[in-house]
Amino acid sequence: MTTTTTPHTSDEPQVHFWAVPDLTGLDFDPLLARLLHEDPVTRVRLPHGEGHAWLVTRYEDVKFVSVDPRFSRQAVYGRSITRLAPHFIPMEGAVGFADPPDHTRMRRVVARAFSARALRSLRDHAQEVMDRLLDRLEQDGPPTDLMEAVNRPFPLAMVSELMGVPEGDQPLMAHWSDTIISAGAGREASEQAKAEMARYFTELVGRSHGTGKEFLAAVLADAIDEGTLDEQEAVGLAVLIQIGGAHAVRNNSANMVYALLTHPEHLARLRAEPALLPQAVEELLRYIPHRNAVGLSRIALEDVEVGGVTIPAGDPVYVSYLTANRDPAVFPEPERLDFDRDHNPHVAFGHGPHYCPGSALARIESEILLDSLWTRFPGLRLAVPEEQIRWQRGALIRGPETLPVTW
Ligand code: FLV
Ligand code: FLV
């Protein structure tokens, strides 16, 4: 970690060069921790793109920036803003680059796929998928790589079901998702994966018109027919949901399993008090550093004061949901994994209009995973010393490479 000081005036903080080291386990990025406590509204330069961006780390400031319409996602598109990845994840016209009211129009379509009724049926389906995966695990016997056997296929099957992607196409989805959500695959490979995945969803949505089906590709096709979405918006939505559902949940849920495997008292407590599971999942969501660095910025459309500092019009601004979740003003003893935390307004799924549309499904998947694993395999434990687990390198979303377990 290096910090360069550029000439600055008192109201223009220094620019920290953020090298973004590959971190191990659930270690918290030391620069992020320091900025939260010492320099909460500051400026950073990341490995790709140009110039600097503001970085906001305190809970209240993060919430302020993520809801205030003076910070725009639409204005980000086409600008070479300093960033972690060599490419941008969302496609042109995608919901990630939209502001209200366009953004609201797109999100309303997706909300249909996450209705209470749809979620009840997804919960039943999740338990069936999980039971099948664990049957196979039992047949094959220990030891195994839980990442390959459960954490990868489970969310991939769930989001594919939601989307209407046939089972045979799931490996293709996994490959594209992992290549797109990567800082290390290289710009060309990631852009190619984006284009191929977009072509796939253009075809899938294309043959879902008028089918009357409830899966998301059919809902998107209907929205195009009704004139609510154009094709580019529909495909951009599908790509973001598919990659988030497969990739982000794989890693986050693997980090949850790892956290329990390495916190035996927490695991024992959860097994003794199964009713604690939803609250434990919330605390794991707060505690786990989901990603490296920061994701997608916003642009200040006018001068805006944040935490006593004026962010000038035209400047890009990042928020860190990771530091917000460790802000001692909101979470007493934030470094402690505490399943008794009953006031837990974490922002692990973001905040404001871009709040994760799949949060309910992600929670269902995490609950079913943690409950089913230890119900079926009460002796489940790491098969190697914790220090031998390899962690993904050049990642945007953090997680283990493999999770060797035995029982
Ligand atoms: O969807 C986004 C996202 C998902 C995620 O799992 C982690 C993230 O950091 C992000 C993000 O930064 C922006 C998204 O649109
Ligand atoms: O990790 C990122 C990300 C994840 C995601 O699921 C959707 C996104 O739009 C993003 C993103 O824009 C930047 C990321 O680093």
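Not measured: the values here are computed from a predicted model. Read the numbers this way: they start at 1 and go in the same order the structure lists the ligands and their atoms.
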Peer 1: Starting from atom 11 (C) of ligand 2, what is the nearest protein heavy atom, named by residue and atom, and what distance separates them?
Peer 2: Ile89 CG1, 3.2 Å
Peer 1: Does Asn292 offer a backbone N or O that forms a donor-acceptor pair with the side chain of Arg398 under 3.5 Å?
Peer 2: no
Peer 1: Only one of Ile397, Leu156, Asp178 forms a side-chain contact (heavy atoms from CB on, under 4.5 Å) with Arg250, so which one is it?
Peer 2: Asp178
Peer 1: Give a yes or no on this: more than 12 heavy atoms of other residues, nucleotides or ligands lie within 6.0 Å of atom CD of Glu302.
Peer 2: yes
Peer 1: Between ligand 2 and Leu84, can you find any atom pair, the residue atom being a heavy atom, that is separated by under 4.0 Å?
Peer 2: no
Peer 1: Checking contacts now, so for atom 5 (C) of ligand 1, which I'm interested in, is there any protein heavy atom under 4.0 Å?
Peer 2: yes
Peer 1: Which of the numbered atoms in ligand 2 are under 4.0 angstrom from any heavy atom belonging to Ile181?
Peer 2: 4 (C), 5 (C), 6 (O)
Peer 1: Judged on heavy-atom distance to atom 12 (O) of ligand 1, which of Cys356, Ala293, Gly244, Gly295 sits nearest?
Peer 2: Gly295
Peer 1: Measure from NZ or CZ of Arg326 to the centre of the six-membered ring of Tyr287 and say whether it is under 6.0 Å with the direction within 45° of the ring axis.
Peer 2: yes
Peer 1: In this structure, are over 12 heavy atoms from other groups packed under 6.0 Å from Arg269 atom CZ?
Peer 2: yes
Peer 1: Checking side-chain polar atoms at under 3.5 Å, does Ser372 have a donor or acceptor matched by the opposite partner on Gln127?
Peer 2: yes
Peer 1: Output the list of atoms in ligand 1 that are nearer than 4.0 Å to some heavy atom of Arg291, sorted by atom number.
Peer 2: 7 (C), 8 (C), 9 (O), 12 (O)
Peer 1: Between Arg73 and ligand 1, does any nitrogen or oxygen pair lie at a separation below 3.5 Å?
Peer 2: no
Peer 1: Answer yes or no for Ile397: is there a heavy-atom contact with ligand 2 below 4.0 Å?
Peer 2: yes
Peer 1: Could you tell me which atoms of ligand 1, counted from 1 in the order shown, lie closer than 4.0 angstrom to a heavy atom of Leu296?
Peer 2: 12 (O)
Peer 1: Would you check if there is a donor-acceptor pair between the side chains of Asn344 and Glu283 at a distance under 3.5 Å?
Peer 2: yes
Peer 1: Of the side chain and backbone of His290, name the one, both, or neither that has a heavy atom under 4.0 Å from an atom of ligand 1.
Peer 2: side chain
Peer 1: Number the atoms of ligand 2 from 1 as they appear, then name those within less than 4.0 Å of a heavy atom of Pro90, with their elements.
Peer 2: 9 (O), 12 (O)
Peer 1: Any heavy atom of Gly96 sitting closer than 4.0 Å to ligand 2?
Peer 2: no
Peer 1: Less than 4.0 Å between a side-chain N and a carboxylate O, is that true for Glu282 and Arg341?
Peer 2: no
Peer 1: Under 4.0 Å from atom 14 (C) of ligand 1, is there at least one protein heavy atom?
Peer 2: no
Peer 1: Indicate whether any N or O donor in one side chain lies under 3.5 Å from an N or O acceptor in the other, for Asp99 and Ser72.
Peer 2: yes
Peer 1: Among side-chain atoms of Asn251 and Gln392, is any donor-acceptor pair under 3.5 angstrom?
Peer 2: yes
Peer 1: Quick one: which ligand 1 atoms are inside 4.0 Å of a heavy atom on Ala248?
Peer 2: 6 (O)
Peer 1: Looking at ligand 1, would His247 count as a contact under a 4.0 Å heavy-atom criterion?
Peer 2: no
